[in-house]
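Before any comments, here is the structure.
Quantities reported herein were computed from a predicted structural model and do not represent experimental measurements.
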Amino acid sequence: MKGLEKLTLSSWIQQAKTKAEQGQVAVRIPQLAVANPHWFAVHICCESGKSVSLGDILCVFPLMSTIKPFSLLYLLEHFGAETVFGWVGVEPSDAPFHSLKQLVADRGRPRNPMVNSGAITLADKLPGKDASQRTLLFCQWLNQLAGCQLYLDEVMLASVRLTRSTANQAIANYLAKTGHLENLETALDTYEQICCLSGRVEDLALLGKLLAFENSSLASQNRRIVNAVMSTCGLYEASAQFAVRIGLPMKSGIGGGLVTIVPSEGAIACYSPALDTVGNPVAGLAFVEALSQKLELSIFG
């Protein structure tokens, strides 16, 4: 990401924020619905050690689905690729992230780890005797490895539990029926808890660094696998479109988080709670697209 310091990022942020008008804050979870659609924050970590932070960087938000690449990484490190991909596939889906229809068509085998069926299946496999212990062990692993300060937001979790997704419940029921879950309630509880791990935009960028750079604590092959799955599946049915327009591994979350990996160069994390109809943050994507095109960051050359 050479040349980053020469850019006037604040003007790009203003341009990206105007795009937020086209999106809407997630309303199904009451605690998410209170977010200001105009909030925007970005944190960029570079290989040189330099970092750039701009915008509403003190905002704390739940990672929601931006946690999915890291639960995949965690399980790859613990069990290996052969075992993990015995549980879930790696194929992109052109159906919404909470599609039961897709899961039924695939006879209960989750299409990939970035959609809810795949993430719920992997939550069922996290080490630990119950959901709370699994979440704690996972959170501690991430904080120690990445140097971030994630924590479980109990208020957000209560809000999620109050309005538990009927789609996720139906997905979990079908996964259990087809033999893909060992414990339905533990799987759903774990999934909801890890989605409520929360922090600031800097914390999300520090997580991104785990996938951007060589790390003696992680197998390089596992990093490459996660980046590949993010490239093809990280933005749900819009993944192919943004692979063409941006060309970088990315993962979004309905909490407004967006993490982008620039392999060997850095990580970009954005927070912008207004979402498009697919469930991706509008302003965050607009900002990263501008940055990628200006600096020619696409991994496709």
Side-chain angles (χ1 to χ4, degrees), residues 1-2 4 43-51 63 65-92 110-115 118-119 121-123 125-127 137-148 150 194 197 199 202-235 239-240 242-243 246-253 257-269 288 291-292 295-301:
M1 290 194 283
K2 298 175 181 68
L4 182 66
H43 188 96
I44 304 172
C45 299
C46 302
E47 184 193 15
S48 62
K50 176 184 170 70
S51 65
L63 296 188
S65 286
T66 58
I67 199 65
K68 291 173 181 175
F70 304 100
S71 59
L72 173 60
L73 180 67
Y74 184 59
L75 289 170
L76 287 170
E77 287 289 313
H78 278 76
F79 299 110
E82 186 176 348
T83 296
V84 171
F85 294 120
W87 298 326
V88 297
V90 293
E91 297 79 20
R111 185 58 73 102
N112 65 67
M114 303 295 142
V115 292
T121 300
L122 293 189
K125 317 301 182 190
L126 293 185
L137 290 172
F138 179 40
C139 186
Q140 288 175 339
W141 184 79
L142 289 173
N143 284 340
Q144 185 175 1
L145 207 55
C148 52
L150 301 178
I194 65 173
L197 291 176
E202 180 182 2
D203 296 305
L204 184 54
L206 289 171
L207 287 180
K209 280 179 69 177
L210 294 178
L211 297 171
F213 305 122
E214 288 288 339
N215 184 316
S216 59
S217 300
L218 295 171
S220 298
Q221 176 66 9
N222 291 338
R223 287 176 39 251
R224 285 193 288 271
I225 289 170
V226 176
N227 282 328
V229 174
M230 287 171 73
S231 296
T232 55
C233 308
L235 300 177
S239 298
F242 284 104
I246 296 175
L248 294 169
M250 307 176 77
K251 186 71 196 85
S252 62
L258 179 71
V259 61
T260 305
I261 312 303
V262 188
S264 303
E265 292 192 47
I268 307 161
V288 175
L291 192 66
S292 177
L295 297 181
E296 298 182 347
L297 298 178
S298 174
I299 59 174
F300 301 110

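Looking at Glu47 and Ser264, their side chains never bring a donor and an acceptor atom within 3.5 Å of each other.
Looking only at distances, a side-chain donor or acceptor of Asn227 sits under 3.5 Å from a matching main-chain atom of Leu211. Thr66 places a side-chain N or O within donor-acceptor distance of the main-chain N or O of Leu63, the cut-off being under 3.5 Å. Asn112 places a side-chain N or O within donor-acceptor distance of the main-chain N or O of Val115, the cut-off being under 3.5 Å. Asn143 places a side-chain N or O within donor-acceptor distance of the main-chain N or O of Leu150, the cut-off being under 3.5 Å. Looking at Lys251, its side chain never comes within 3.5 Å of a backbone N or O of Val259 through a donor-acceptor pair. With hydrogens and angles ignored, the 3.5 Å screen pairs no side-chain donor or acceptor of Glu214 with any backbone N or O of Ser220. Remark: side-chain polar atoms of Arg111 are not paired, donor with acceptor, to backbone N or O of Gly118 under 3.5 angstrom.
Between atom CZ of residue Phe213 and atom CD1 of residue Ile261 there is a gap of 9.0 Å, rounded to the nearest 0.5 Å. To the nearest 0.5 angstrom, Ile67 atom CD1 is 10.5 Å from Leu73 atom CG. The CG atom of Leu142 lies 7.0 Å from the CG atom of Leu210; values are rounded to the nearest 0.5 Å.
Under the side-chain hydrogen bond (donor to acceptor under 3.5 Å, both in side chains) criterion, Gln221 pairs with Arg224, not counting sequence neighbours.
Classification of the Trp87-Phe79 ring pair by plane angle, with boundaries at 30° and 60°, yields perpendicular.
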